[in-house]
Amino acid sequence: MQTDTNMCVLLKYITWQNRHGFAEECLVSIKRKGKKNPLLSRASVLKMAVSTDCHKAQQDFPKVLILKPISFIAHVGEQHYASNKFTFLKAYDSSLPLHQFLSTHSPSIKAILASVGTPITADILQLLPEVGVVVTTSVGLNQVDLPECRRRGIKVANAGSVFSDDVADFAVGLLIDVLRKVSASDGYVRKGLWATKGDYPLGSKLGGKRIGIVGLGNIGFAVAKRLEAFGCGISYNSRKRKPHVSYPFYESVCELAANCDVLVICCELTDQTRHMINKEVLSALGKQGVIVNIGRGAIINEKEMVQCLVQGEIAGAGLDVFENEPDVPVELFAMDNVVLSPHVAVFTPESFLDLRDLVMGNLEAFFSNKPLLSEYGD
């Protein structure tokens, strides 16, 4: 009875796992291997299933290339990324030079899964003529050669709005921290200075501040709605005016800065936005101005920003991203008016799970000839 029950469970497991008609073949193999022990445990039976020839079928599945380890997969658990339509091919597990590895596996690689810090260049795509889609785990796509993808007819899917709420929450948190000196006063208390030196200098209230949003996409709009609830006035700069919002629009970032107390950077990093926030913009923001960046580090000219902070030409900064991560300008470490975080605004356990669903949904859609869930369009 126990054996029959185990075999029934196994049959259902294999059928679900493979969905390619190999269940009976695997079951016969398991029975043959287990015939000397009719009272196999369920764990033993499932362990045998893994070692049977039925899993060889996955070798014929199309491959999704992963060039470098992707942190969110490790956080969620690789077992949650099984599919009956494709398998992952990890270049970083191979001892072969990348060029040789890609050339060897090129015919079977149909898709690429990429993350921040993994450039998908024209040279890589040239070695992979069968690739039809690049799926990224980020909202920004500065690591992907989009013109080359367009030229080759390769679809691109990003993280869409998965991170919007978490990043918007974090941006507001950074701003409150800078204005109210939360981290700075925390350090003051921990060092025992409250008892010896007295009260810490007061911070500034958030309500009533004029907020300039640079990049009013999903994240920028989420930031705007949160700060609007605090009683802040919102204006914005974007590639083009958004007809569905009533916030004042400024075509010039410098003009936006001149009419704001706070700049929040939410735009993508492109050739046009690289170093867009420079000394001229920061000077327009003024000595009472604060800048928050949850976009990409290189959108700000970091050297000029550091100089402005050192010389007191702006009041403070909340920075989650940096130009040469993980290297951060050492001048910032001693500044109580600067709050630093290690590019974590997008990451929560909840967002990892949502991202898993979106990534797998995009890949499953591609291999099923269905529309992508979050296809990127210029």
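Below, each value reflects all heavy atoms present in this structure, side chains not excepted, and no hydrogens, waters or symmetry copies.
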Taking side chain as C-beta onward, heavy atoms only, is Cys266 less than 4.5 Å from Ile294? yes

Determine whether more than 12 heavy atoms belonging to other residues, nucleotides or ligands lie under 6.0 Å from atom CD of Glu325. yes

Does Phe367 offer a backbone N or O that forms a donor-acceptor pair with the side chain of Lys370 under 3.5 Å? no

Heavy atoms of other groups near Arg226 CZ, more than 12 under 6.0 Å: yes

Side-chain heavy atoms nearer than 4.5 Å, only ILVMFWY residues, links allowed to pass through others: does that put Leu269 and Val156 together? no

same_hphob_cluster(Ile291, Phe333) at 4.5 Å side-chain heavy-atom cutoff: yes

Atom CG of Asp354 and atom CZ of Arg356: how far apart are they, to the nearest 0.5 Å? 8.5 Å

Before you tell me yes or no, could you show the steps for Val292 and Val178 under side chain to side chain contact (heavy atoms under 4.5 Å, CB included), namely the whole-Å CA-CA distance, both residues' side-chain angles and the distance that decides it to 0.1 Å? CA-CA 9 Å; Val292 172; Val178 174; 5.5 Å; no

Point-to-point distance, once rounded to the nearest 0.5 Å, from CG of Asn362 to CG of Asn158: 8.5 Å

Is the count of non-hydrogen atoms from other residues, nucleotides or ligands lying under 6.0 Å from Glu251 atom CD greater than 12? no

So if you build clusters from Ile, Leu, Val, Met, Phe, Trp, Tyr with side-chain heavy-atom gaps below 4.5 Å, do Phe352 and Met360 land together? yes

List the atom of Phe101, the atom of Lys90, and the distance in Å for their closest heavy-atom pair. CZ-O, 4.0 Å

Can you see whether Ser204 engages Gln288 through a side-chain donor-acceptor pair at a distance of less than 3.5 angstrom? no

Flag side-chain contact, heavy atom, 4.5 Å: Lys63 against Thr87: yes

Should we count NZ of Lys205 as having more than 12 external heavy atoms under 6.0 Å? no

From Met276 atom CE to Asn237 atom CG, the distance as rounded to the nearest 0.5 Å: 6.0 Å

Test side chain to side chain donor-acceptor pair (under 3.5 Å) applied to Glu323 and His275, step by step: CA-CA 10 Å; Glu323 192 161 356; His275 285 186; 2.6 Å; yes

In Å, rounded to the nearest 0.5 Å, how long is the span from OG of Ser83 to CZ of Phe88? 8.0 Å

Looking only at heavy atoms, the pair that brings Cys254 and Ala284 closest together is O-CB, 3.6 Å

Looking only at heavy atoms, which two atoms of Ser351 and Val162 are closest? And how far apart? O-CG1, 3.9 Å

Do Phe163 and Phe221 sit in the same hydrophobic cluster, where Ile, Leu, Val, Met, Phe, Trp and Tyr count as joined when their side-chain heavy atoms come under 4.5 Å apart? yes

Linked, directly or transitively: Leu98 and Ile109 (ILVMFWY side chains, under 4.5 Å): yes

Ring center gap for Tyr250 and Tyr236 short of 6.0 angstrom: no

Could you give the distance from CZ (Arg274) to CG (Asn301), rounded to the nearest 0.5 Å? 11.0 Å

Point-to-point distance, once rounded to the nearest 0.5 Å, from SG of Cys149 to CG of Leu125: 5.0 Å

Taking every heavy atom of Val321 against every heavy atom of Gly295, the minimum-distance pair comes out as CG1-O, 3.7 Å

